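The structure appears right after this line, and notes come after that.
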Amino acid sequence: VKMVLGLKDKGIEETPDEYYLDEVLLDFTFDEYEEEINSLPLSVVDRLMDRAIILYKRGEFSNFNKMSLLEKKLGLEYVFEDVDRSIGR
C-alpha cells in the first residue's frame with residue numbers, strides 16, 4: 001500500500017485526507033497552490049486530481065488556472081473538458 005501511494009518511508013497517517021485536498025483546491029491562493037503542488041509527490045497530486053474532479057462535478061471547483069496547473073503537473077490535457085462531456089454539460 002505504501003509503495004502504491006508513494007509513501008515509502010512515511011506512515012499511512014501522513015496520507016492527505018479530503019479536508020487537506022479541499023483546502024488546497026478551494027482555499028489556497030494561486031501562488032500558495034502552485035507552491036504546494038510543486039512540493040508534493042506525484043501520487044498525492046494524482047489524489048488531488050481525483051478530488052478536483054469530484055468537486056468540479058459538484059460545481060464547487062472551477063478555477064481555470066488551478067485546473068490547468070494540475071493537468072500540466074500530471075502531463076494530462078482536457079481532463080475537465082472530458083468530465084463536462086461525460087456528464088453532458
Side-chain angles (χ1 to χ4, degrees):
V1 171
K2 288 182 181 182
M3 185 179 74
V4 171
L5 294 176
L7 298 175
K8 296 180 184 161
D9 296 324
K10 296 180 182 178
I12 296 297
E13 66 277 356
E14 295 180 40
T15 303
D17 60 9
E18 286 183 7
Y19 176 79
Y20 165 79
L21 299 174
D22 289 356
E23 183 179 20
V24 171
L25 290 166
L26 303 174
D27 298 335
F28 280 25
T29 65
F30 183 76
D31 290 337
E32 293 169 329
Y33 176 82
E34 184 175 27
E35 186 176 323
E36 190 73 11
I37 291 287
N38 289 328
S39 72
L40 295 171
L42 284 178
S43 60
V44 176
V45 177
D46 190 47
R47 290 194 62 216
L48 196 60
M49 175 62 89
D50 292 342
R51 186 65 182 160
I53 290 169
I54 290 167
L55 295 173
Y56 182 76
K57 285 179 177 180
R58 293 181 187 167
E60 297 175 31
F61 179 64
S62 60
N63 186 306
F64 177 78
N65 292 326
K66 289 181 179 181
M67 289 182 218
S68 295
L69 181 61
L70 194 53
E71 289 174 331
K72 182 179 177 183
K73 182 71 175 182
L74 291 171
L76 302 171
E77 293 183 343
Y78 311 114
V79 171
F80 297 95
E81 290 88 344
D82 289 343
V83 170
D84 281 343
R85 281 191 290 279
S86 73
I87 60 176
R89 280 192 201 170

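If you read the sequence from its start, that first residue is 1, and numbering goes on from there. Note that the coordinates shown come from a computational prediction; the quantities given were computed from them, not determined experimentally.
- Considering only residues two or more places apart in sequence or on other chains, Glu23 meets the salt bridge (charged side-chain N to carboxylate O under 4.0 Å, His left out) condition with none of them.
- Residues passing the salt bridge (charged side-chain N to carboxylate O under 4.0 Å, His left out) test with Asp46: none are found, sequence neighbours excluded.
- Each ring pair (Phe, Tyr, Trp, His ring centres under 6.0 Å) pair with one or both residues in residues 68-89, not counting sequence neighbours, appears once here: Tyr56-Phe80.
- Ile54 and Tyr20 fall into different hydrophobic clusters, where Ile, Leu, Val, Met, Phe, Trp and Tyr residues are linked whenever their side-chain heavy atoms come under 4.5 Å apart, directly or through other members.
- One hydrophobic cluster, built from ILVMFWY side chains closer than 4.5 Å, holds both Ile53 and Leu40.
- Residues passing the side-chain hydrogen bond (donor to acceptor under 3.5 Å, both in side chains) test with Arg85, sequence neighbours excluded: Asp82.
- Applying the salt bridge (Lys or Arg N to Asp or Glu O under 4.0 Å) test to pairs two or more places apart or on separate chains, none has a residue in residues 27-43.
- With hydrogens and angles disregarded, no donor-acceptor distance shorter than 3.5 Å links the side chain of Arg51 to the backbone of Asp22.
- The local environment of CD in Glu18 is sparse, with at most 12 non-hydrogen atoms from other residues, nucleotides or ligands closer than 6.0 Å.
- Cluster membership for Leu42 and Tyr33, using ILVMFWY side-chain heavy atoms within less than 4.5 angstrom, is shared.
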Counting only pairs under 3.5 Å, give me each side-chain donor-acceptor contact of residues 66-74, with atom names and distances, residues two or more places apart or in other chains.
from: Lys66; atom 1: NZ; to: Leu25; atom 2: O; distance (Å): 3.0
from: Lys66; atom 1: NZ; to: Phe28; atom 2: O; distance (Å): 2.6
from: Ser68; atom 1: OG; to: Phe64; atom 2: O; distance (Å): 3.0
from: Glu71; atom 1: OE2; to: Val79; atom 2: N; distance (Å): 2.8

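- Leu26 contributes atom CG, which lies 5.5 Å from atom CG of Leu55 (distance to the nearest 0.5 angstrom).
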